[in-house]
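After the structure tokens below, expect a handful of questions from me.
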4 protein chains.
Amino acid sequence: MTTGSVSHRRADTRRNHDRILAVAAESITAGELSFNAIAKQAGVGVGTVYRHFPTQDALVLAVYEREVRHLVEVVPGLLEAHPPELAFRTWATDHLARYMMTKRGLGAALQAASTAAAGDVLADAYRTMLDATSALVEANVRAGVVRADADPETVMRGLGGLLYLDPDGDWHRDAENLADLIWRGMAADGPRSP
Amino acid sequence: MTTGSVSHRRADTRRNHDRILAVAAESITAGELSFNAIAKQAGVGVGTVYRHFPTQDALVLAVYEREVRHLVEVVPGLLEAHPPELAFRTWATDHLARYMMTKRGLGAALQAASTAAAGDVLADAYRTMLDATSALVEANVRAGVVRADADPETVMRGLGGLLYLDPDGDWHRDAENLADLIWRGMAADGPRSP
Amino acid sequence: MTTGSVSHRRADTRRNHDRILAVAAESITAGELSFNAIAKQAGVGVGTVYRHFPTQDALVLAVYEREVRHLVEVVPGLLEAHPPELAFRTWATDHLARYMMTKRGLGAALQAASTAAAGDVLADAYRTMLDATSALVEANVRAGVVRADADPETVMRGLGGLLYLDPDGDWHRDAENLADLIWRGMAADGPRSP
Amino acid sequence: MTTGSVSHRRADTRRNHDRILAVAAESITAGELSFNAIAKQAGVGVGTVYRHFPTQDALVLAVYEREVRHLVEVVPGLLEAHPPELAFRTWATDHLARYMMTKRGLGAALQAASTAAAGDVLADAYRTMLDATSALVEANVRAGVVRADADPETVMRGLGGLLYLDPDGDWHRDAENLADLIWRGMAADGPRSP
DNA sequence: CATGAATGAGTCTTCATTCAT
DNA sequence: AATGAATGAAGACTCATTCAT
């Protein structure tokens, strides 16, 4: 059964791809970006890493895509489970904050990888993040608690400040404060914090 | 005469120090951090760079300090020349925005340099930035246009979002939008954009 | 039916062999000698290349043989179509010159492949070339325009200088000059050496 | 004494340069061209080799220059010590032949190094060789034993056939044969071509 | 027979760091 | 103090070769 064997091999290859990606995510996140180290860590030869990701850029970009995907895929659930305001605040303080605190290394790597060819991936990821933010903002607009002209892009940028949280401090409180500041900034009618 | 040549030597040394720092600022900012390259660029031997900055971290930290100092020293002038709200907005959109857009490379270097020993310098720089932000926020509080309980630390974090401006886009407009969002967030009584 | 499919497979195999050889000739000639690259270029898997040519040396040698065969098989035609002197000059300036100019890369590869095991192939190729040269020289001897004791091996070596033609210069003229120099050297009534 | 120390260091550096060049000549000649291997062989760190020869091309070219220089510097002596004809024959069979037989590897390396930037060095070397050949040919012309219109460039190319001598055979005899063939070709009163 | 993913040894290349002068 | 040549560890990258399917 040719089909059987081939798909079996494909499955193996796919598993390698995923494992490398996972290991790389951890490494890059920790500021370590060495193909040799990643290969060893993933238990494969360097050549295999190169086969799957021909370039550092390719690897970094793939990791970035993966992270953004993870970050974004929780949004619909939050919007179903909570009223819009809580959904926004929860996403910011629980998901975004934790993410940005942990993945700082990725930013640096990403910057180095930002060649011309990376443009598409970067643009896609940006748009994905923006879509998520928009969904949250718009739900709040529809609920009448946020200005109709609140700009999701600006809100997203404001949340970018979560990057500077101090993991050794009371970061959750700090995140709540920032989310609150931004919330007030886009709220329908003046300050109204709890 | 001895004094003369000694002080002459001191002047030379000082000049070396400054030139190295200036060159390093440019290099690091551009994502390039090689002692050999910096030395050549500054027109001195590698050994000289090592004499002035015994480790990479020391150099990065020194550059960081210098940048923060530059960034902060304009604040008093702004507060004298403009009403508080304009001072805040101007600092954010003209100084901070331009700075963050340009010096992204420094962030990466800084992160790598953030060992235990660097703590003090980092803490100092953080406090310096915080003082500047506080001065601006408090002037606005005193003018009655900003809530008395607005937290400068949170505001500073919010402005951190300026890091993500796109130098190739309409970044000034984007910066104004973010400054406005944060301003509304800390304003005394609800939204009131111009 | 079995016979049919078997011979069908044989035809496929043969086609593979030829295509690989052709692709390899181009690659090696261009100084590129990578099994993986050749396989991709030929549209087959690496394994297939290995099946046909178990080692690099085997491949290089096979390519060499092929080139020499091509180079030599025009000689009888030239001798039929032209008087002996012209046949010699034409072969040298039109065939040999063009060949040597183009295939320099092969020489390098060949040298690296010259292990003990390669001896036979090399010797065969040498003899083949020598036979061709001999045929041309002897035709001229029979025509009485070349010394009876002219040594084909030495003549062949002299033509080896065509390797250094400059493809970007007036190489045809240069080739004619060299052919002429050698021709004079073997002509029937030149000066006798001491 | 600053001068003393500096020149001392310079001497050391110079010694390194020479040793690397010598080792590289041997390696390349033997078809081996690895910076790491050369460094180890020369007893220096890889970095040192890179400091002296920033590129493979630079190294190969330097070696080539050195070889050509050695080859050429014997010519004036030969012309003083012997009558022109013998000088020519001796250079060809004793110096050129031995050189070309030994240094085949260099040719291959040279070819790979022939980028645009290498042009000057290559042109210089070519001219140097040509000058040497010209000196020999012209001495013979002046002695009246060689045609006045014998072209040194063509003669040089003819001698290029010495590349194919077989070190395991009677190469000296073969070299004499080739030198003789070329000599006859350029001798004063041979047959004129049609 | 053919395929091509995986492997890993071998090179290349850069750069922080030392140290003799 | 300053210099810059030397060092060599570390990481990038290629490619011959194997082998399960």
Side-chain angles (χ1 to χ4, degrees), chain A residues 1-17 20 32-40 43-52 54-56, chain B residues 6 9-10 12-13 16-17 32-40 43-52 54-56 59, chain C residues 6 9-10 12-13 16-17 32-40 43-52 54-56 59, chain D residues 1-17 20 32-40 43-52 54-56:
Chain A
M1 265 162 221
T2 304
T3 319
S5 340
V6 163
S7 73
H8 185 279
R9 189 155 59 208
R10 286 236 176 96
D12 277 3
T13 297
R14 175 62 192 256
R15 216 176 340 275
N16 268 340
H17 190 94
I20 292 170
E32 192 47 86
L33 173 49
S34 147
F35 268 52
N36 289 313
I38 289 173
K40 184 159 293 179
V44 301
V46 226
T48 305
V49 180
Y50 274 93
R51 173 173 288 272
H52 286 279
T55 301
Q56 271 202 11
Chain B
V6 162
R9 192 149 56 210
R10 282 215 185 117
D12 274 6
T13 299
N16 270 343
H17 190 94
E32 191 48 87
L33 173 50
S34 145
F35 267 50
N36 290 279
I38 288 173
K40 180 161 293 179
V44 301
V46 227
T48 307
V49 179
Y50 271 92
R51 176 169 297 274
H52 287 280
T55 68
Q56 265 200 22
L59 179 55
Chain C
V6 162
R9 193 150 55 210
R10 283 216 184 116
D12 275 5
T13 299
N16 270 343
H17 189 93
E32 191 48 86
L33 173 48
S34 144
F35 267 50
N36 290 280
I38 289 173
K40 181 160 294 178
V44 302
V46 226
T48 306
V49 179
Y50 271 90
R51 177 168 295 274
H52 287 280
T55 68
Q56 265 199 22
L59 179 55
Chain D
M1 265 161 223
T2 305
T3 319
S5 341
V6 164
S7 74
H8 184 279
R9 190 155 58 208
R10 286 237 177 95
D12 277 4
T13 297
R14 175 63 193 254
R15 217 177 338 276
N16 267 341
H17 190 93
I20 293 171
E32 191 48 86
L33 173 48
S34 147
F35 268 51
N36 288 306
I38 289 173
K40 184 158 293 179
V44 301
V46 226
T48 305
V49 179
Y50 273 93
R51 174 174 287 271
H52 287 279
T55 300
Q56 272 202 8

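From a predicted model like this one, the values you see are computed outputs, not experimental measurements. Labels below follow one simple rule: chain letters A, B, ... track the order of the sequence lines, proteins then strands, and each chain is numbered from 1.
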Original post:
What's the CD1-P distance between Ile38(C) and dG4(E), to the nearest Å?
Top reply: 17 Å
Original post:
dA16(F) phosphate, OP1 or OP2: any side-chain N/O from Ser34(C) under 4.0 angstrom?
Top reply: yes
Original post:
How long is the gap from CZ on Phe35(B) to CG on Leu59(B), to the nearest 0.5 Å?
Top reply: 5.0 Å
Original post:
Where the side chain of Thr13(C) is defined as all heavy atoms beyond and including C-beta, which of dA6(E), dC1(E), dA12(F) is the nearest nucleotide?
Top reply: dC1(E)
Original post:
Could you give the OH-to-C1' distance, from Tyr50(B) to dA5(F), as a whole number of Å?
Top reply: 14 Å
Subject >> Between P of dA9(E) and NZ of Lys40(A), the distance in whole Å >> reply: 10 Å
Subject >> Whole-Å distance separating the CZ atom of Arg51(D) from the P atom of dA16(E) >> reply: 14 Å
Original post:
Expressed in angstrom and rounded to an integer, what is the separation of Asn36(A) atom CG from dA9(E) atom C1'?
Top reply: 12 Å
**OP:** Would you indicate what Thr48(A) reaches in the nucleic acid, counting non-hydrogen atoms under 4.0 angstrom: base, sugar-phosphate, or nothing?
**Re:** base
Subject >> Atom-pair distance (CZ on Phe35(C); C1' on dT3(E)), nearest Å >> reply: 16 Å
Original post:
How would you label the contact of His52(B) with the nucleic acid (heavy atoms, under 4.0 Å): base, sugar-phosphate, or nothing?
Top reply: sugar-phosphate
Original post:
Which residue lies toward the 5' end of DNA chain F, Val46(B) or Thr55(A), if each is placed at its nearest nucleotide?
Top reply: Val46(B)
Original post:
Counting just side-chain N and O atoms, does Asn16(C) come under 4.0 Å of either OP1 or OP2 of dC1(E)?
Top reply: no
Subject >> Upstream residue (5' side of DNA chain E) when Gly43(C) and Gly43(A) are each assigned their closest nucleotide >> reply: Gly43(C)
Subject >> Identity of whatever pairs with dA20(F) - Watson-Crick or G-U, under 3.5 angstrom >> reply: dT3(E)
**OP:** Nearest 0.5 Å please: distance from the CD1 atom of Ile20(D) over to the CD1 atom of Ile38(D).
**Re:** 9.0 Å
Original post:
Can you say whether the rings of His17(D) and His52(D) are parallel (under 30°), tilted (30 to 60°) or perpendicular (over 60°)?
Top reply: perpendicular
Original post:
Of Gly47(C) and Arg14(A), whose closest DNA chain E nucleotide lies nearer the 5' terminus?
Top reply: Gly47(C)
Original post:
Please give, in whole Å, the distance from dT14(E) C1' to Gln56(A) CD?
Top reply: 13 Å
Original post:
How is Leu59(C) classified with respect to the nucleic acid when contacts are heavy atoms under 4.0 Å: base, sugar-phosphate, or nothing?
Top reply: nothing
Original post:
Rounded to whole angstrom units, what separation is found between the CD atom of Glu32(B) and the P atom of dT14(E)?
Top reply: 11 Å
